Protein chains: 4
Amino acid sequence: MKTFSFLDTIDRQLDWQRDLYRHFHQFPELSLQEHRTAERIEAELGGLGLESLRIGGTGVVTVLENGPGPTVLARADIDALPVTEDTGLDYASTVDGVMHACGHDMHLVALLGAIRLLSEHREAWSGTYIALFQPAEENAAGAQAMLDDGLTSRVPRPDVALAQHVMPAEAGTIGTAPGPVLSAGDSLKITVHGRGAHGSMPHTAVDPVVLAASIVLRLQTIVSRETEPGQFAVVTVGASNAGTKSNIIPDRAELLLNLRTYDPALRAQVIASIERIVRGECAAAGAPREPEFEYYDQFPLTSNDVGAHRTVTKAFTDHFAPGQVFEAVPATASEDFSRIPDAFGIPYAYWFVGSVAPETFRAAVEAGTVSSAIPANHSPFFAPALDPTLEIATRAHVVAACAYLRP
Amino acid sequence: MKTFSFLDTIDRQLDWQRDLYRHFHQFPELSLQEHRTAERIEAELGGLGLESLRIGGTGVVTVLENGPGPTVLARADIDALPVTEDTGLDYASTVDGVMHACGHDMHLVALLGAIRLLSEHREAWSGTYIALFQPAEENAAGAQAMLDDGLTSRVPRPDVALAQHVMPAEAGTIGTAPGPVLSAGDSLKITVHGRGAHGSMPHTAVDPVVLAASIVLRLQTIVSRETEPGQFAVVTVGASNAGTKSNIIPDRAELLLNLRTYDPALRAQVIASIERIVRGECAAAGAPREPEFEYYDQFPLTSNDVGAHRTVTKAFTDHFAPGQVFEAVPATASEDFSRIPDAFGIPYAYWFVGSVAPETFRAAVEAGTVSSAIPANHSPFFAPALDPTLEIATRAHVVAACAYLRP
Amino acid sequence: MKTFSFLDTIDRQLDWQRDLYRHFHQFPELSLQEHRTAERIEAELGGLGLESLRIGGTGVVTVLENGPGPTVLARADIDALPVTEDTGLDYASTVDGVMHACGHDMHLVALLGAIRLLSEHREAWSGTYIALFQPAEENAAGAQAMLDDGLTSRVPRPDVALAQHVMPAEAGTIGTAPGPVLSAGDSLKITVHGRGAHGSMPHTAVDPVVLAASIVLRLQTIVSRETEPGQFAVVTVGASNAGTKSNIIPDRAELLLNLRTYDPALRAQVIASIERIVRGECAAAGAPREPEFEYYDQFPLTSNDVGAHRTVTKAFTDHFAPGQVFEAVPATASEDFSRIPDAFGIPYAYWFVGSVAPETFRAAVEAGTVSSAIPANHSPFFAPALDPTLEIATRAHVVAACAYLRP
Amino acid sequence: MKTFSFLDTIDRQLDWQRDLYRHFHQFPELSLQEHRTAERIEAELGGLGLESLRIGGTGVVTVLENGPGPTVLARADIDALPVTEDTGLDYASTVDGVMHACGHDMHLVALLGAIRLLSEHREAWSGTYIALFQPAEENAAGAQAMLDDGLTSRVPRPDVALAQHVMPAEAGTIGTAPGPVLSAGDSLKITVHGRGAHGSMPHTAVDPVVLAASIVLRLQTIVSRETEPGQFAVVTVGASNAGTKSNIIPDRAELLLNLRTYDPALRAQVIASIERIVRGECAAAGAPREPEFEYYDQFPLTSNDVGAHRTVTKAFTDHFAPGQVFEAVPATASEDFSRIPDAFGIPYAYWFVGSVAPETFRAAVEAGTVSSAIPANHSPFFAPALDPTLEIATRAHVVAACAYLRP
């Protein structure tokens with residue numbers, strides 16, 4: 001570890017962080033219900049002598065002003081998932097059917113740790129550090145809630161935004177990449193209308209079951225024929241539902257689609273294709289009413305600024321040991337973090353933090369069972385290795401921020 | 001009315017029948033729950049000095065032995081439907097959500113009337129008359145329940161079986177036809193298996209939504225290509241359901257099919273085609289498990305014996321006035337009556353009884369609104385004209401039986 | 001044979017008819033090329049002292065005026081097929097690749113025989129008899145050609161029109177039916193437009209191969225879902241062609257459809273459905289140009305007038321022996337005869353004449369091989385039994401005409 | 001130009017090369033018919049005092065042995081295309097319908113030039129240089145023909161193989177990339193069998209038109225659902241043909257597919273999916289015979305060895321000026337070159353040579369019309385800028401070889 005030697009004082013606070021992590025892991029709260037979580041964050045900030053703002057209901061922000069220099073915004077998400085924990089950990093969730101199965105507890109405690117380090121070592125940096133605890137990432141509602149509650153006018157405008165996420169890679173490593181790192185995700189409910197009838201009288205009906213089937217098959221042609229070969233695009237019909245009885249032709253069918261793209265122009269093209277296909281199929285069927293399109297759970301693209309990526313990655317490789325920083329491949333998951341820098345009109349860097357105990361990970365690599373044997377995010381068995389994940393994630397936040405806040 | 005002059009005594013009992021009809025209409029009971037209905041039938045039979053048997057839970061049978069001669073079985077169904085009556089009749093259903101919307105109350109009271117006439121005029125016929133009140137026609141369970149409870153060994157073997165059904169034709173008329181008069185109806189639940197995955201990872205899934213869509217489209221080719229043009233066959237997919245979330249590819253899809261045919265060989269052909277198509281599509285999809293086929297609500301074909309049809313129709317045209325007996329066209333509805341004669345291995349005749357007030361019917365014919373303006377069976381507005389429907393239906397049972405039981 | 005005893009003089013002319021039949025069978029001519037056939041017909045009519053008209057190129061008409069009374073038009077078609085005869089008959093076709101494989105030679109010689117009988121027995125009837133020899137039935141062009149050439153203004157307006165066709169039933173029998181006896185037949189060429197591209201660049205194309213496939217599958221739903229179950233309708237895509245190379249996405253696809261219906265309203269419905277589906281699918285595909293629809297080989301419905309059917313059938317049953325006249329079932333083949341009575345706005349009767357040697361037919365019935373073992377029309381083995389087919393077909397024309405032309 | 005100064009002597013031989021280029025361009029020959037081309041190559045080699053071998057009919061190989069050191073094989077393809085030239089060049093093709101529209105004339109003359117330079121400057125290198133002129137690249141037959149004719153046992157085993165291709169980039173530039181640079185391409189003819197019938201009798205048929213349509217739609221799911229999102233895979237049905245008449249249901253359908261992949265495992269997966277889908281659909285259709293699969297025009301993957309790429313690219317950047325060497329993106333076209341190094345089991349490097357006059361190219365870049373305005377390979381307007389393309393391509397061959405053959 002070559003740079004930012006003040007970070008070695010992290011040893012003094014790691015037990016505090018570990019206790020906090022175990023606490024948050026035991027008391028997870030669902031999206032938009034993170035009341036106790038937010039209160040505890042506020043209490044800890046208060047314990048550090050820091051004031052905080054409530055923004056967006058259960059969002060918490062604290063601003064460390066420390067002389068001239070750039071302004072950096074660091075964000076952690078804080079909500080948990082409707083998953084029943086099955087890890088067997090002694091600090092497993094105590095809340096039935098709710099679990100920090102996506103590691104947001106790790107994110108928030110790492111950010112608390114970074115705040116403490118920066119707060120206690122003001123000589124080591126100069127500028128302004130905004131730490132933001134965001135609710136409701138899982139349903140894509142939290143970043144927007146904070147923006148709707150006036151975030152951009154209630155904190156100084158940052159120059160850059162930073163965020164990180166634990167992933168099933170070897171604990172102790174950090175993955176970065178320029179450009180797209182998480183896909184844009186859109187959900188879409190399509191309702192098509194037919195005309196119901198008794199099952200023995202199809203000629204009096206417009207059969208929405210057949211219509212929906214045609215649509216599902218036709219939608220396949222978007223990826224197979226309309227997007228450029230090799231370009232990333234996913235059009236999944238996750239649900240197709242029509243009718244309840246064998247002998248009643250229903251009067252409508254409902255499709256739930258999920259789209260994933262890395263390119264905004266391609267995303268727009270895919271959406272246009274979906275609507276064109278559905279309208280065309282309804283016309284072919286002689287549908288008595290126009291189809292309805294309802295978009296929901298829309299996650300923006302997470303695409304790292306090339307400059308911010310370079311700055312942060314350089315700081316990581318300077319600080320960490322050889323082999324600790326790797327080039328990440330884009331993940332097909334989605335995030336709402338980018339709404340915040342996009343609202344400010346600023347660049348951002350988003351990176352991954354490995355969370356699997358090294359011996360476990362290496363054994364899985366050798367056995368070729370990384371994807372099958374290691375519980376991924378959202379699994380009831382998801383259990384980050386507290387050490388060294390928590391320390392590395394804390395250091396990463398400080399190192400990335402100080403890449404900008406050097407005195 | 002030229003024949004069976006003893007039938008003119010029906011005038012003396014019609015008020016009793018009308019009261020019974022209003023009673024049963026007010027107290028409908030669902031399939032297999034016809035307890036009070038069965039008890040009242042037993043009570044009325046007792047009042048006529050007749051003993052009765054309980055067969056199949058809520059089925060009631062009485063046997064009138066009256067000297068040498070053939071044995072005739074006459075059947076009436078007695079169950080009601082889960083429909084909320086909206087007729088506004090002063091004798092409308094008093095049971096919430098249950099209604100005699102298919103006219104079984106008319107059937108059973110006509111049979112009670114026929115029993116009384118035959119019982120009180122034993123000089124007019126010779127042989128054995130078995131009157132059978134069958135539960136649970138609506139879900140195709142009642143005839144089988146009576147057979148499972150030993151019907152064929154508990155009553156004398158009949159030579160012919162008779163049954164009738166009210167329909168939206170002019171009250172006062174009777175429709176008969178040789179051969180198929182009601183279709184065979186089969187319901188079929190098909191479960192196809194894929195492999196679930198996150199919506200962003202289709203390559204790890206076998207998508208059952210796409211598989212089900214392919215099956216639905218392919219099933220259309222049975223009627224369009226595989227059955228003989230002009231032959232009656234219906235293959236309806238009344239329900240197609242898979243998945244609940246946009247971003248989760250489910251692991252199975254469920255289809256509910258309803259089939260209608262008039263020809264047993266064609267029915268077998270259609271069923272074989274369905275299974276062939278579904279298995280082929282599952283193979284094309286690389287489905288990890290075989291599909292499952294579960295048949296239910298299976299109604300047999302109702303196909304009048306040509307001889308029984310001729311005998312009964314001749315008796316009707318001899319007894320009723322010109323124009324009262326018409327040639328019916330086959331209906332696409334289904335019945336379970338034929339299971340009973342089929343179990344005995346005997347011929348049967350099944351006919352329709354018009355139930356719409358003549359002035360109403362004729363006005364609808366003139367306006368071309370018969371199918372749209374006249375409430376059909378299963379409608380909450382279904383309301384047979386008590387007169388003359390009840391009298392004609394009662395006479396029909398006696399006339400048809402006496403065609404065989406002439407002294 | 002009870003009526004029209006003058007017909008017994010047919011014995012005196014049968015050898016003349018047999019020779020003519022063998023002649024025409026040996027020298028068949030394709031549609032619109034029936035020059036020698038027409039000339040020979042004219043010559044024979046001249047030999048009978050009759051004048052004739054040429055209408056529609058190779059169509060021949062003669063008019064027998066014989067006092068007051070109704071006017072009857074009798075039509076025979078005269079063209080042959082591009083089939084290579086394989087019957088081994090000693091009077092087989094001498095023209096390579098052309099054969100009277102549909103029996104039009106029988107039709108025309110029977111009509112010549114009827115003309116001679118009526119011409120020589122003018123005492124037996126009163127009115128006007130128009131005998132019409134029509135070219136080009138096989139490609140649906142001949143009736144229209146005669147109409148286009150002024151038929152309706154060049155002959156007296158008939159009161160009824162008559163025509164017959166040999167079929168693979170027992171020779172000596174005649175089949176009649178009211179209403180539809182031959183289906184309407186329509187051919188339709190559909191061209192759909194995509195945008196071509198190299199096979200490795202589907203994203204720059206609009207793929208017409210996929211579009212055509214969607215259309216073909218969707219067209220199945222017309223018969224399976226949109227026509228009434230049991231109603232006769234056929235929608236066949238006989239040809240679907242697109243592309244010539246594996247690695248070039250073509251810019252269009254071509255579908256050839258054939259439709260069969262018995263009901264004009266249903267025919268119109270099916271055509272509307274086809275166009276709706278094709279347009280909808282092109283819209284779904286984002287096709288750069290509208291599809292094109294080109295109708296060809298359109299055969300009208302042949303549907304006997306109920307009154308004409310009754311009159312003619314009564315005359316047949318009065319004249320022929322019991323069992324010789326049977327009720328025909330509608331055939332799925334098509335004819336252009338009805339264009340002529342439709343142009344005049346008059347009723348018509350069309351019947352079938354059995355042409356299989358009785359012993360052969362009865363053996364096939366017993367063996368259950370009627371459809372497999374007896375060569376049908378258009379087969380290279382099609383060979384009507386000259387006797388008694390020719391006599392019965394001749395008598396049928398006279399009997400049917402005299403049903404109207406009784407003195 | 002910093003390295004290999006002996007290459008400056010190229011000026012002395014460029015006119016000879018230009019004349020040769022114009023000659024070959026004027027006299028193009030189709031695949032496997034390159035007789036005059038091969039003879040002229042042999043003559044030129046003879047003029048340089050070199051012996052040559054005929055391998056694979058019209059393939060020519062010469063081996064320059066020059067002391068100890070590695071062995072390098074350099075390959076040029078020599079066949080032309082069935083394209084009618086429309087360039088208007090004064091040295092345009094004199095052969096009707098045949099044209100060097102893919103630049104193989106450039107490849108072969110550059111290789112002749114390289115041979116002459118190496119032959120005349122033996123002091124500048126040490127080792128063995130094998131120059132191979134391959135026929136029939138366009139139909140993927142030539143490399144295999146040379147291997148079948150014993151290539152691997154008739155020349156020394158090389159240590160590395162080299163090849164290049166002109167492309168529509170700025171003349172004077174060279175593009176290289178590690179790993180896949182050209183896709184694997186496979187063509188596949190699929191024949192599916194139905195049972196023919198008259199169009200009015202679909203129930204006696206197994207309709208191959210409907211079967212082919214189902215297959216086409218189902219094949220779309222390979223790319224849309226079965227390959228990993230973002231992975232390059234193309235499954236194009238370039239031709240789908242069945243039937244010739246509207247009213248005849250044909251007995252078979254034929255599909256021509258083209259596949260493109262960069263990954264051998266993915267290619268195998270796609271082929272397995274195609275066969276699975278086609279077999280499953282045939283089973284669903286009740287096809288009377290198994291489908292047939294016939295693979296043809298199969299091009300292997302061209303994927304540069306990482307080490308060879310690095311060695312060659314380093315030599316290029318050392319020799320050429322800044323900006324002349326760029327990183328190429330993989331092209332979706334295909335080549336059969338790699339069969340040769342694969343048969344030897346040796347690494348290879350394959351690069352692209354720009355061939356568009358710089359001013360033309362830069363104007364097109366500015367106008368955003370590179371893909372639309374510049375004639376690409378296989379176009380009748382394809383016309384490489386002779387200068388400096390020929391010189392650069394010649395130098396490239398020498399530089400790449402000498403990266404291995406340094407003394």
Side-chain angles (χ1 to χ4, degrees), chain A residues 190 192 194-233 247 249-250 263 265-266 269-288 290-291, chain C residues 190 192 194-233 247 249-250 263 265-266 269-288 290-291:
Chain A
I190 302 175
V192 294
R195 186 165 55 237
H198 190 268
S200 66
M201 304 182 72
H203 57 296
T204 66
V206 173
D207 190 334
V209 174
V210 172
L211 170 55
S214 288
I215 291 172
V216 168
L217 285 197
R218 268 291 205 153
L219 289 175
Q220 305 309 311
T221 65
I222 296 176
V223 170
S224 73
R225 300 274 88 187
E226 300 192 20
T227 63
E228 187 171 340
Q231 224 183 352
F232 179 89
N247 63 345
I249 299 171
D263 178 60
L266 181 60
Q269 174 195 325
V270 167
I271 287 174
S273 293
I274 291 170
E275 297 203 4
R276 187 196 71 228
I277 286 172
V278 172
R279 290 186 198 284
E281 289 296 329
C282 287
E290 287 290 299
Chain C
I190 302 174
V192 294
R195 186 165 53 235
H198 191 267
S200 68
M201 303 182 73
H203 58 295
T204 67
V206 173
D207 190 334
V209 174
V210 171
L211 170 54
S214 288
I215 290 172
V216 168
L217 284 196
R218 268 291 203 154
L219 289 174
Q220 306 310 311
T221 65
I222 296 176
V223 170
S224 74
R225 301 275 86 188
E226 299 192 20
T227 62
E228 187 170 342
Q231 225 182 349
F232 179 88
N247 63 346
I249 299 172
D263 179 61
L266 180 61
Q269 175 195 323
V270 166
I271 287 175
S273 292
I274 290 170
E275 296 202 5
R276 186 197 71 228
I277 285 172
V278 173
R279 289 186 200 286
E281 289 295 330
C282 287
E290 286 291 300

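As the structure is a prediction and not an experimental result, all values here were calculated from the model. Proteins come first, then strands; the chains are lettered A, B, ... in the order of their sequence lines, and each starts at number 1.
Neither the backbone nor the side chain of C:Ile222 comes within less than 4.5 Å of any heavy atom of chain A. Heavy atoms closer than 4.5 Å to chain C are found in the backbone of A:Ser224, but not in its side chain. Using a 4.5 Å cut-off between heavy atoms, A:Ile274 does not touch chain C at all. Looking at C:Ile249, the atoms closer than 4.5 Å to chain A (heavy atoms on both sides) all sit in the side chain, from C-beta outward. In this structure, chain A has a heavy atom under 4.5 Å from the side chain of C:Thr221, while its backbone stays farther away. Only the backbone of A:Ser200 comes within less than 4.5 Å of a heavy atom in chain C; its side chain stays farther off.
Chain A forms the most heavy-atom pairs under 4.5 Å with one residue out of C:Arg218, C:Gln231, C:Gln269, C:Glu275, and that residue is C:Arg218. Counting heavy-atom pairs under 4.5 Å between each of A:Glu228, A:Met201, A:Glu226 and chain C puts A:Glu228 at the top.
Put simply, the side chain of C:Pro202 reaches to within 4.5 Å of the side chain of A:Pro229, judged on heavy atoms.
Listed by first and then second residue, the salt bridge (Lys or Arg N to Asp or Glu O under 4.0 Å) pairs involving residues 197-210 of chain C are A:Arg225-C:Asp207 (not counting sequence neighbours).
The interface of residues 278-286 of chain A with chain C, defined by heavy-atom distances below 4.5 Å, comprises A:Gly280, A:Glu281, A:Ala283, A:Ala284, A:Ala285, A:Gly286.
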